[in-house]
Amino acid sequence: MMYQMMFLASAALLVAGHDHTHEPSTRTEGGPRRAVARLTSPDGHDVHGNVTFTEEGDKVHIHGHIYGMPEGEYGFHVHELGDITGGCTSAGGHFNPHNKDHGHPDDENRHVGDLGNLEFNTEKLGEIDIVDRLITLHGDHSVIGRTVVLHAMPDDFGRTDHPDSKKTGNAGGRIACGVIGRL
Ligand SMILES: *[C@@H]1O[C@H](CO)[C@@H](O)[C@H](O)[C@H]1NC(C)=O
Ligand SMILES: [Cu+2]
Ligand SMILES: [Zn+2]
């Protein structure tokens with residue numbers, strides 16, 4: 001009996017916690033919350049682009065394009081800090097407020113900032129068209145004021161034996177980045 005009551009109480013807490021974190025944003029101005037980042041390369045690579053974030057219900061749509069990488073796939077993440085004063089490395093690690101392992105965007109066990117790979121075509125154009133269920137533009141875990149980073153190598157989604165796989169996806173150096181600002 002006691003166990004049952006404790007179970008019910010913790011279940012209720014879990015539900016309340018869940019509802020709270022996924023509460024739709026109560027925006028005073030009209031329309032969805034939006035944010036934007038302009039990616040540039042502090043290290044002088046000719047890589048640049050724009051990314052917009054639009055919150056719709058409990059999902060965020062991420063659109064835009066980045067120019068300049070050779071054909072291939074490259075890791076694309078939101079990093080914790082909005083600090084690029086010392087280049088992209090100042091932005092810290094992957095945004096990971098729930099202390100998870102690095103993963104694929106569809107994984108349960110992933111960093112909030114894990115947006116997978118961005119594919120560049122033969123024209124060096126990478127088109128961003130992502131719908132994500134963990135990124136938010138409101139509350140404590142908003143990505144506004146944090147940094148989007150494009151890496152030098154593909155993200156392995158935490159699925160290889162490389163020692164960095166479960167931390168960063170072994171995506172290599174940081175080629176371009178931009179701080180996410182509100183619109
Ligand atoms: C980013 O957006 C600005 C206008 O806001 C535009 O001038 C610039 O060309 C865009 N850059 C890319 C790479 O799309
Ligand atoms: Cu990254
Ligand atoms: Zn990660």
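What's counted below: heavy atoms across the whole structure, side chains too, no hydrogens, waters or symmetry copies. Counting starts at 1 for both ligands and their atoms, in listed order. We're numbering straight along the sequence, starting at 1. Here the structure is a predicted model, which is why all the values come from computation and not from measurement.
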Lining ligand 1 at under 4.0 Å, by non-hydrogen atom distance, are residues His48, Gly49, Asn50, His65, Tyr67

Going by the salt bridge (Lys or Arg N to Asp or Glu O under 4.0 Å) test, which pairs reach into residues 166-176, not counting sequence neighbours?
-> none

Indicate whether any N or O donor in one side chain lies under 3.5 Å from an N or O acceptor in the other, for Asp155 and His77.
-> yes

How many angstroms lie between atom CG of Leu125 and atom CZ of Phe120, to the nearest 0.5 angstrom?
-> 7.5 Å

Would you list the protein N, O or S atoms within less than 2.8 Å of the Zn ion (ligand 3), leaving out water?
-> His94 ND1, His102 ND1, His111 ND1, Asp114 OD1

Distance-only donor-acceptor check, side chains Asp114 and His102, under 3.5 Å = yes

Is there a donor in the side chain of His61 and an acceptor in the side chain of Glu56, or the other way round, less than 3.5 Å apart?
-> yes

Between His65 and His48, does the ring centroid distance fall short of 6.0 Å?
-> no

Keeping waters out of it, list the protein N, O or S atoms under 2.8 Å from the Cu ion (ligand 2).
-> His77 ND1, His79 NE2, His151 NE2

If you group Ile, Leu, Val, Met, Phe, Trp and Tyr by side-chain heavy-atom gaps below 4.5 Å, do Ile144 and Val179 land in one group?
-> no

Does a side chain donor of either His162 or Asp156 reach within less than 3.5 Å of an acceptor in the other side chain?
-> no

In plain terms, say whether Asp46 and Lys124 are close enough for a salt bridge, that is, a side-chain N and a carboxylate O under 4.0 Å apart.
-> no

Indicate whether the side chain of Asp83 and that of Thr85 have a donor and an acceptor atom separated by less than 3.5 Å.
-> yes

Group every Ile, Leu, Val, Met, Phe, Trp and Tyr by side-chain heavy-atom contacts under 4.5 Å, then state whether Phe157 and Ile135 land in the same group.
-> no

What about the rings of His111 and His98, do their centers lie closer together than 6.0 Å?
-> no

All heavy atoms of Thr147 vs all of Leu81, minimum pair found to be OG1-O, 2.7 Å

